[in-house]
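Only a predicted model underlies this, so the values are computations on that prediction, with no experimental measurement involved. First listed ligand is number 1; within each ligand, the first listed atom is number 1.
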Amino acid sequence: MSMELKLNTVEDYEQYIGAEAVDRIMDKARKLKDLHVAHINSTYYGGGVAELLSPLTLLMNSAGIRTGWRVIEGAPDFFSITKKMHNALQGGSINLTERKYRIYEQIIFENAVRNHLDNHNFVIIHDPQPLPMVEHYKKRGPWVWRCHVDLTEPNRALWNYLLLFIEQYDTAIFTLKEYRQNLSIPQLFFKPAIDPFSIKNREMSESDIQERLDYYRIPTDLPIITQISRFDKWKDPMGVIEAFRIARKDAECTLVLLGNIATDDPEGEQVYNSILNEQEDRIIVISRQDTSLVNALQRRAAVVVQKSLREGFGLTVTEAMWKGAAVVGGNVGGIRYQIGDGIDGFLVSSIRECAERIVQLIRDEPLRRRIGEHARTKVKNNFLLTRSLEDYIDLFSSFETIYCLRGTAGDR
Ligand code: UDP
């Protein structure tokens with residue numbers, strides 16, 4: 001059987017970004033034709049970084065930039081060390097022994113041996129897990145550290161340790177200007193983006209939505225409130241449950257907490273087990289990687305909640321806003337840059353406030369619709385994948401000039 005296999009191209013985005021933007025991006029991309037780039041991160045699914053890299057690396061290839069995506073390997077005990085680091089970067093405390101730092105560096109060294117990155121014009125390392133890889137190569141071109149976490153208040157002891165690696169990079173990229181750090185290398189700020197053509201984000205018929213909800217026995221007789229997140233304490237699932245319990249006294253509804261567990265997040269199971277105890281008729285907890293269910297829930301829910309306590313960016317917010325959902329988000333990190341409070345969503349700073357906004361939105365369908373329309377426009381203008389592609393193309397072009405790569409990198 002022959003099937004038509006295809007990649008999305010920048011031209012496919014014309015319907016959203018216009019012909020002029022398509023031409024501008026493709027002109028810039030042509031100048032970088034055959035550039036050889038590698039992205040490295042620590043999980044192939046289950047979090048925002050994988051969600052971004054999966055379509056971005058394909059779009060880069062379709063724009064003529066030879067782009068690879070590699071995922072480092074490690075056992076859960078390695079990832080429990082890096083998860084502690086992630087928590088500490090988001091402001092938690094940390095108490096790693098010398099032995100754990102040694103394991104971290106040893107496993108990354110082993111990954112460096114297995115991954116031959118000596119041939120690339122650009123290497124982009126995502127987040128702290130693969131950070132020390134930079135030590136083990138003779139650089140042929142710039143190495144960039146792209147950190148996605150909420151760096152509002154990083155643990156200083158850990159940051160000072162990581163600095164030894166960070167400053168070996170040519171540039172660090174953070175999600176927001178307010179995550180800027182005191183570094184000797186240049187810092188840039190890139191926001192993530194979503195792929196409107198993916199299974200998660202593309203249009204879905206009402207019957208397909210209903211089929212997914214029925215499959216999981218999600219009742220649709222009352223308005224649905226949902227939060228879709230990795231099972232992670234920073235996403236505050238217990239806070240969502242409490243807000244729901246307050247809200248439903250005034251407006252009947254059903255809560256669906258959908259989550260997954262990323263391969264680089266061994267704490268997920270514990271968080272999942274703790275909220276399982278809260279399940280009841282109207283509090284449905286699902287742990288499953290079902291991309292169409294994410295799409296269906298974001299489309300059908302009366303209110304999408306993302307009540308994070310820390311959030312680097314929050315792609316779940318972007319995805320829901322793209323679908324015209326009314327989103328209630330924690331007033332933290334990247335969520336604040338997506339939701340304009342009262343215009344294209346609501347920002348909340350407490351459980352009570354979250355409950356109040358849920359009730360208000362359930363009761364006011366025209367408000368939901370108005371907010372949803374603004375939300376979709378916001379995403380269309382700011383957070384589609386072509387914008388992210390152009391950020392990287394501009395970055396590569398700026399280095400092209402500095403490093404004169406065309407003359408020196410002989411592998412193209
Ligand atoms: N996600 C998913 N299934 C789930 C929970 C989350 O596919 O059950 C996806 C979600 O749609 C989003 C990503 O995982 O694309 C989470 O990214 P976000 O930036 O919101 O948070 P992170 O997990 O990176 O902290």
Where is the nearest protein heavy atom to atom 21 (O) of ligand 1: which residue, which atom, and how far?
Lys235 NZ, 3.1 Å

Ionic contact status for Arg288 with Asp290, cut-off 4.0 Å:
no

Quick test: of every protein heavy atom, which one is nearest to atom 16 (C) of ligand 1, and how far off is it to 0.1 Å?
Gly48 N, 3.5 Å

Nearest 0.5 Å, what's the CD1-CZ distance between Ile225 and Arg282?
11.5 Å

How close does the nearest protein non-hydrogen atom get to atom 18 (P) of ligand 1, and which residue and atom is it?
Leu315 N, 3.4 Å

Can a non-hydrogen atom of His148 be found less than 4.0 Å from any atom of ligand 1?
no

Is the centre of the His148 ring less than 6.0 Å from the centre of the Phe313 ring?
no

Determine whether the aromatic ring centres of Tyr179 and Phe174 lie less than 6.0 Å apart.
no

Does even one non-hydrogen atom of Thr291 get within less than 4.0 Å of ligand 1?
no

With a 4.0 Å heavy-atom cut-off (strictly under), which part of Glu319 contacts ligand 1: side chain, backbone, both or neither?
side chain

Look at Asp12 together with Lys6 and state whether they make a salt bridge at an N to O cut-off of under 4.0 Å.
yes

For ligand 1, is any non-hydrogen atom under 4.0 Å from Val294's backbone (N, CA, C, O), its side chain (CB onward), both, or neither?
side chain

Ignoring hydrogens and angles, tell me if any N or O in the side chain of Asn41 forms a donor-acceptor pair with the backbone of Val49 under 3.5 Å.
no

Ligand 1 versus Ser229, non-hydrogen atoms closer than 4.0 Å: side chain, backbone, both, neither?
backbone

For atom 7 (O) of ligand 1, find the nearest protein heavy atom and state the residue, atom name and distance (0.1 Å precision).
Lys200 NZ, 2.8 Å

Protein heavy atom at shortest distance from atom 1 (N) of ligand 1:
Asn260 ND2, 3.6 Å

